[in-house]
Amino acid sequence: ATEAESRDLVIIGGGVAGYVAAIKAGQEGMKVTCIEKRGTLGGTCLNVGCIPSKSLLNNSHLYHQILHDSKHRGIEVGDVKLNLEQLMKAKDQSVSGLTKGVEFLLKKNGVEYIKGAGSFQDEHTVKVQLNDGGETSVTGKNILIATGSEVTPFPGLQIDEKTVISSTGAIALEKVPKKMTVIGGGIIGLEMASVWSRLGSEVTVVEFLDQIGGPGMDTEIAKSIQKILKKQGIKFKTGTKVLGGEQSGEGVKVNVDSAKGGKEETFDADVVLVAIGRRPYTEGLGLENIGLELDERGRVIIDSEYRTKIPHIRCVGDATFGPMLAHKAEEEAVAAVEYIKKGYGHVNYGCIPSVMYTFPEVAWVGQSEQDLKKAGIKYRIGTFPFSANSRAKTNLDTEGMVKMLADPETDRLLGVHIIGPNAGEMIAEGTLALEYGASSEDIARTCHAHPTLAEAFKEAAMATYSKAIHY
Ligand code: FAD
Ligand code: NAD
């Protein structure tokens, strides 16, 4: 390619990180190319992650609620049947609508979209193996690595997406397994355990740590959601290490041991879900051709402006440091483009919300009690249970609570942790408050509409420095 053909920005990967950077750069008037090998845009999140899993969570919840939680509300239903094929079709429809929408947005913002696998030829040139056959190459003044992540395999178990599955298999099973064992009680494990348990599977979650929920969940909240999920029928084996497994045509045997050493046990299951985390994906990217290094966990090493040691090559999203979350990838994508275009950008890593879309949902932002204890920071706690909230009582959905942590001297908000039916929406208020450096009194003195679940948020804030009115 000649210099005249050179782009302002070449992006490798069209996931959330890549496509958001492409749109932003297009909006900034840059000449942009986005290379994606999947055949559709949106990456893990839209194709096999956030979106399909939430479709299944939403519809399996409806099914379960109609079956088990409707009679006492005065709704009598007749013959309720699961049509798994249609459930999967509804999911596929949401996915294709959104991925096509992203393709439209790239077009609208003048982004060139190349379907193929990109790899570095040199510091400015990316060679593309086109999906339709053949090869091309593009040059860029700036290059953004946005190649995302892949599932971490479990040693000794071969993922075939039929009997030993990853999250990708778990969103596409053709029948409801009689018994399912989930290795890893993090977010993927618990969301997928919820889906299949609601649809009729007998699910056991095996978690190495004493606490479920993955990294970052407040311990009190984790214990509380575990009790709720247990009541829904999910079995838990915490403090338990999976040693290995044996696959056969019949199913899988999983051998476990107490994490502290002890008696070995074996679980039989039709399907085993491996959900022990994800790892950065940089395979075939040709990083060796430009001398870029990865850290010990396979992450692309960057500075605070997302630059690798070759300053015009940057990296954002799951392929580098930080929580593997779509909204984190999106924030970084915008900031990276702003650094290129304007020389400044901003992501507040202390203020990235997390949501687990079980029922009820679990959501948090800021620091947990264990974080604060570890850092030696003093805090005050305010809690408010949904059992004392009028809207939750009206809805007959009273499980969960809002828990707020604030600085005892300045009253500044330090963290918010919620278990509740719409915790994932409510956490946006906590995130905004934290971002603006609010005190808990600022929140408590903000008028909240009645009757709403958000009143529990206000009352928990009140409880940090004074007393809640309704509890
Ligand atoms: P990805 O989405 O992985 O995108 C990277 C893209 O790059 C891929 O499409 C890949 O094909 C492409 N690519 C890689 N190498 C090349 C190459 N050499 N050439 C061309 N293309 C290449 N996060 C949330 O915030 N909320 C959720 O509810 C949520 N749910 C999830 C559920 C599941 C089951 C999973 C697995 C993940 C979930 N996540 C969720 C995490 C979220 O999907 C990721 O954090 C997000 O997708 C990261 O975006 P990314 O663009 O960095 O990477
Ligand atoms: P995770 O890191 O959240 O949880 C993995 C869990 O597996 C941990 O609790 C870990 O202790 C446990 N584990 C590891 N090895 C084990 C073993 N040998 N035996 C038993 N337990 C073991 O990872 P995940 O749930 O696979 O999710 C991957 C990524 O995807 C995460 O970064 C997550 O944030 C993201 N994700 C987010 C959402 C969401 O935001 N709602 C949904 C799904 C996935």
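Below, all heavy atoms of this structure are taken into account, side chains as well, without hydrogens, waters or symmetry copies. What you see is a predicted model; the values in this text were computed from it and never measured. First listed ligand is number 1; within each ligand, the first listed atom is number 1.
Nearest to atom 36 (C) of ligand 1 by heavy-atom distance, out of Arg278, Glu150, Lys37, Gln129, is Arg278.
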Give one line per pair: atom of ligand 2, protein atom, distance. Only N/O to N/O under 3.5 Å.
unit_1	atom_1	unit_2	atom_2	d
ligand 2	9 (O)	Glu207	OE1	2.7
ligand 2	9 (O)	Glu207	OE2	3.2
ligand 2	11 (O)	Glu207	OE2	2.6
ligand 2	21 (N)	Phe208	N	3.1
ligand 2	25 (O)	Ile187	N	3.3
ligand 2	25 (O)	Ile188	N	3.0
ligand 2	26 (O)	Gly277	N	2.9
ligand 2	40 (O)	Val355	O	3.4
ligand 2	41 (N)	Glu191	OE2	3.0
ligand 2	41 (N)	Val355	O	2.8

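Residue contact annotation: Met192 has no non-hydrogen atom under 4.0 Å from ligand 1. Taking a 4.0 Å cut-off on heavy atoms, Ser119 fails to register as neighbouring ligand 1. Assignment of Leu46 to the shell around ligand 1 is not supported, since no heavy atom sits closer than 4.0 Å. Residue contact annotation: Ser149 has a non-hydrogen atom under 4.0 Å from ligand 1. Ala117 counts as a contact of ligand 1, since one of its heavy atoms falls under 4.0 Å from the ligand. In this structure, Tyr357 counts as a contact residue of ligand 1, since one of its heavy atoms falls inside 4.0 Å of the ligand. Residue Pro52 places every heavy atom at 4.0 Å or more from ligand 1.
Nearest to atom 20 (C) of ligand 1 among the protein's heavy atoms is Gly116 O, 3.4 Å. From the protein, the heavy atom lying nearest to atom 7 (O) of ligand 1 is Gly13 CA, 3.3 Å. Protein heavy atom nearest atom 9 (O) of ligand 1, with residue, atom name and distance: Glu36 OE1, 2.8 Å. Closest to atom 23 (N) of ligand 1, if we only count protein heavy atoms, is Ala326 N, 3.4 Å. Looking at atom 16 (C) of ligand 1, its nearest protein heavy atom turns out to be Thr147 CG2, 3.8 Å. Considering only non-hydrogen protein atoms, atom 4 (O) of ligand 1 sits nearest to Gly15 CA, 3.4 Å. Protein heavy atom closest to atom 38 (C) of ligand 1, with residue, atom name and distance, is Cys50 N, 3.9 Å. Closest protein heavy atom to atom 46 (C) of ligand 1: Asp318 OD2, 3.9 Å.
For a threshold of 3.5 Å applied to N or O pairs, the pair formed by His327 and ligand 1 contains at least one separation below that value. Looking at ligand 1, you won't find any N or O of Ser167 less than 3.5 Å from one of its N or O atoms.
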From CA spacing to verdict: side-chain contact (heavy atoms from CB on, under 4.5 Å), Ile212, Phe236 | CA-CA 9 Å; Ile212 62 164; Phe236 289 97; 4.0 Å; yes

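You'll find the side chain of Asn47 stays beyond 4.5 Å of the side chain of Pro52, heavy atoms only. Put simply, the side chain of Ile11 does not reach to within 4.5 Å of the side chain of Ile35, judged on heavy atoms.
Residues satisfying the side-chain contact (heavy atoms from CB on, under 4.5 Å) test with Ala363, not counting sequence neighbours, are Val355, Ala423, Ile427.
Residue pairs meeting the side chain to side chain donor-acceptor pair (under 3.5 Å) criterion with at least one member in residues 172-181, sequence neighbours excluded, do not occur.
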Show the atom names and distances, to 0.1 Å, of all donor-acceptor pairs under 3.5 Å that link a side chain in residues 275-284 to residues at least two apart or in another chain.
unit_1	atom_1	unit_2	atom_2	d
Arg278	NE	Ser149	OG	2.9
Arg278	NH2	Ser149	O	2.8
Arg278	NH2	Ser149	OG	3.3
Arg279	NE	Glu150	OE2	3.0
Arg279	NH2	Glu150	OE2	3.3
Tyr281	OH	Lys37	NZ	2.6

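Within the listing of ligand 1, atoms 52 (O) sit less than 4.0 angstrom from a heavy atom of Gly317.
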